Student: 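Please see the structure below; I have some questions.
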Amino acid sequence: MTVPDDIAQMGFEQALAELEAIVQALESDEQPLEEALRLFARGQALLAHCTRLLEEAELQVRQVVGDEVLPWQPDEG
Amino acid sequence: MSDDLLRSLLDDFFQPPVWTVREVTAYIQDLLREATDLQDVWVRGEVTAVSQPRSGHLYFTLKEGDAVLRCVMWRPRVQRQARRFLPQTGQVIEAHGYVDVYPGGGTYQFYADVLRPVGEGAEYAAFLRLKARLEAEGLFAAERKRPLPPYPRRIGVVTSATGAALRDILNTLRRRYPLAEVVVAPSLVQGADAPQALVAALERLNRVARPDVIIVARGGGSAEDLAAFNAEAVVRAVAASDAPVVTGVGHETDFTLVDFAADRRAATPTAAAELVTPHRDDLQRHLRSLAARLQRRMEHRLVDAGLRVARAEQALARHAPLARLAAYRQRLNAARRALPRALSQRLRWAQARLAAWHTRLPQAVLQGLRWRRTRLQHLATRLHAAHPLAPLQRGYALLTDEQGRIVRAARQVQPGQRIHARLAQGQLTARVETVADDPPAGPGGAGSPAPTPSAPEGGSP
């Protein structure tokens, strides 16, 4: 599935929040079918994005050094 | 006296005295017992080498730097002490008792009767005073507690860069929520400089990294090791943090003042990491459920739309002009088919009614006939009774004059006149002898002889 750019740049929380809102909207309102289909497609893209984020994420570790945030180097700690 | 003997006596006399072991031991024992300061004393030290053999006595060593004091607590005391508190390695405690010699070991040792954690002393009192003061200030108030972000993007960690606490936290975050970015603000966590370092680390972390949530952590240790987390400056820094703070300091049972000031308190560093993050498995489950709902809802909408299209198609077809014509034709045909059926139905109904009458009719007729016959018989009887000749059967005679007129009264005839008497069987011709009319009063006076004109002539049969 191709994910629109604006979704690809979303953080997990934002994407999940929009996905939840879309499911909620589809379940509670009767949009015109075309609008429902559009929401559905966007929901699918958000789902794919969230799933990918969860599966591919690797914990980023950094440290505060002086007034900067730098990559974590345990040996120097 | 020989010289040898003399020398030997002199030697004995001037030799310095030799003490026995017991004598030395008893002497030292006396010295200690005279030092009354050491006979009723509190001693503070860090506990090491705790052991409690089967005898039930408790042995441990109190240590301070490279000085140690071996301690023993006899079993009855241990049993009483166990109800409140038993020392563990690493703890700083205060022990009450006396110093005495242990002859069997050639050592002195401390005979303890009461033990208490160091907190119960002056430090603990200070701790309680500080806690009360900060509490009164509202620093620990429930309404100050902020909710934790459900999906933190950036997690700050204030802890020792080299401790097990950081390793535990990173492992936990990696496993649960690798989406997050961790920013560590390394800090001293024990020692005199620790409070200041912790305050600085917290401030810098907030200012430079702006994390969504901060973990302040330290692995387990003695009460003194955790002292920095009771320091007022650190407690205030935690309360003032821009990002919500979760503490994970020490073990389950350790409570420090930063725990009260934090937005949430976790028992250990690992628990703190768990508290600030959702679990990846839970998130994946949640995503699957959302996917299912999305799918279900869309399918429903599509099926619904399909049905509506189909319904609309049917409606459209019904209202098309040609279709209307066809519909009329169909109705006409239907009517045409229905008409004969309706007629024959009607006919059948009429026939049925007729048939019903057929069966009912004879019944009625017979009834009428029977009734008429009865009536006829009745009439016949009455007719018979009324027959003019009927009384003749009972012996009466019918008298007529010569003109054939019926004689009803004596005065209708004259003496000598001929009359005819009709009897039940046959008839007579007679002549009137006398005529005696009845007196005019009352019809047929009793006792008077009835005029029986026939009697003289015919008599009874």
Side-chain angles (χ1 to χ4, degrees), chain A residues 1 9-77, chain B residues 149-158 160-163 166-167 170-187 201 204-212 278 280-281 283-284 286-302 304-305 308-309:
Chain A
M1 152 158 311
Q9 276 157 26
M10 275 186 194
F12 181 82
E13 183 184 11
Q14 190 190 356
L16 182 63
E18 189 182 337
L19 174 58
E20 284 171 329
I22 281 177
V23 173
Q24 192 83 42
L26 278 174
E27 283 178 343
S28 54
D29 307 323
E30 283 285 309
Q31 301 83 3
L33 188 63
E34 228 170 89
E35 173 68 0
L37 280 167
R38 194 190 64 76
L39 286 175
F40 176 72
R42 188 158 174 84
Q44 294 282 39
L46 288 164
L47 254 173
H49 181 57
C50 284
T51 306
R52 195 181 57 77
L53 281 181
L54 268 192
E55 281 167 2
E56 296 178 4
E58 264 189 58
L59 192 73
Q60 303 287 314
V61 185
R62 303 182 206 286
Q63 66 178 325
V64 179
V65 178
D67 280 356
E68 285 181 284
V69 175
L70 300 177
W72 172 246
Q73 281 161 339
D75 291 339
E76 283 181 10
Chain B
Y151 308 101
R153 256 166 297 180
R154 188 173 256 197
I155 300 169
V157 180
V158 174
S160 160
T162 54
L166 180 59
R167 200 186 54 230
L170 292 181
N171 284 341
T172 304
L173 294 180
R174 209 166 267 132
R175 176 169 49 81
R176 283 176 66 92
Y177 195 63
L179 295 168
E181 175 197 16
V182 180
V183 180
V184 183
S187 169
R204 240 193 354 246
L205 185 60
N206 267 306
R207 179 166 49 80
V208 176
R210 305 205 150 279
D212 300 313
R280 173 153 52 172
D281 294 350
L283 289 175
Q284 274 163 344
H286 183 48
L287 282 179
R288 278 198 295 278
S289 127
L290 284 174
R293 281 165 68 189
L294 199 62
Q295 198 73 35
R296 202 162 48 233
R297 185 60 193 162
M298 202 60 232
E299 269 166 23
H300 177 80
R301 285 296 311 263
L302 285 176
D304 188 52
R308 281 169 64 186
V309 168

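Because the structure is predicted, anything quoted here is derived from the model rather than measured. Sequence lines set the chain letters: A, B, ... in the order given, protein chains first and strands last, and positions in each chain run from 1.
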Student: Would you mind telling me which of A:Glu68, A:Arg62, A:Gln60 has the largest number of heavy-atom pairs within less than 4.5 Å of chain B?
Tutor: A:Arg62

Student: Of the backbone (N, CA, C, O) and the side chain (C-beta and beyond), which part of B:Arg153 lies under 4.5 Å from a heavy atom of chain A, both, or neither?
Tutor: side chain

Student: Suppose we screen for side chain to side chain contact (heavy atoms under 4.5 Å, CB included). Which residues come up paired with A:Glu34, at least two apart in sequence or across chains?
Tutor: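 A:Glu34: no side chain to side chain contact (heavy atoms under 4.5 Å, CB included) contacts found.
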
Student: What part of B:Arg207 is in contact with chain A, defined as an atom under 4.5 angstrom from a non-hydrogen atom: side chain, backbone, both or neither?
Tutor: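 The side chain, not the backbone.
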
Student: Find the one option among A:Leu47, A:Val64, A:Leu54, A:Leu26 whose heavy-atom pairs under 4.5 Å with chain B are most numerous.
Tutor: A:Leu54

Student: In terms of heavy-atom proximity below 4.5 Å to chain A, should B:His286 be classed as side chain, backbone, both, or neither?
Tutor: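 It is the side chain, since no backbone atom gets that close.
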
Student: Run the salt-bridge test on B:Arg174 and A:Glu58 with the 4.0 Å N-O cut-off and return the result as yes or no.
Tutor: no

Student: What I want to find out is whether A:Glu55 reaches A:Arg52 closely enough, with some N-O distance under 4.0 Å, to be called a salt bridge.
Tutor: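 A salt bridge is absent here (no side-chain N lies under 4.0 Å from a carboxylate O).
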
Student: Quick check on the interface: out of B:Ser160, B:Ala185, B:Ala291, who has the most heavy-atom pairs with chain A under 4.5 Å?
Tutor: B:Ala291

Student: Against chain A, label B:Leu166 side chain, backbone, both or neither, depending on which of its atoms sit under 4.5 Å from a heavy atom there.
Tutor: side chain

Student: Please determine, among B:Ala180, B:Ala305, B:Pro150, the option with the most heavy-atom pairs under 4.5 Å with chain A.
Tutor: B:Ala180

Student: Can you tell which part of A:Leu37 gets under 4.5 Å to a heavy atom of chain B, answering side chain, backbone, both or neither?
Tutor: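 Contact with chain B involves both backbone and side-chain atoms of A:Leu37.
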
Student: So, B:Asp281 and B:Arg176, do they make that salt bridge, N to O below 4.0 Å?
Tutor: no

Student: For the side chain of B:Arg301 and the backbone of A:Gln31, is there at least one donor-acceptor N/O pair under 3.5 Å apart?
Tutor: yes

Student: I need the full list of ring-ring contact (aromatic ring centres under 6.0 Å, His included) pairs touching residues 21-67 of chain A, with sequence neighbours left out, sorted by first then second residue.
Tutor: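 Qualifying pairs, neighbours excluded: none.
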
Student: Given that the side chain runs from C-beta out, which part of A:Pro32 has a heavy atom under 4.5 Å from chain B: side chain, backbone, both or neither?
Tutor: backbone

Student: Check this for me: does any side-chain nitrogen of one of B:Arg297 and A:Glu27 sit under 4.0 Å from a carboxylate oxygen of the other?
Tutor: no

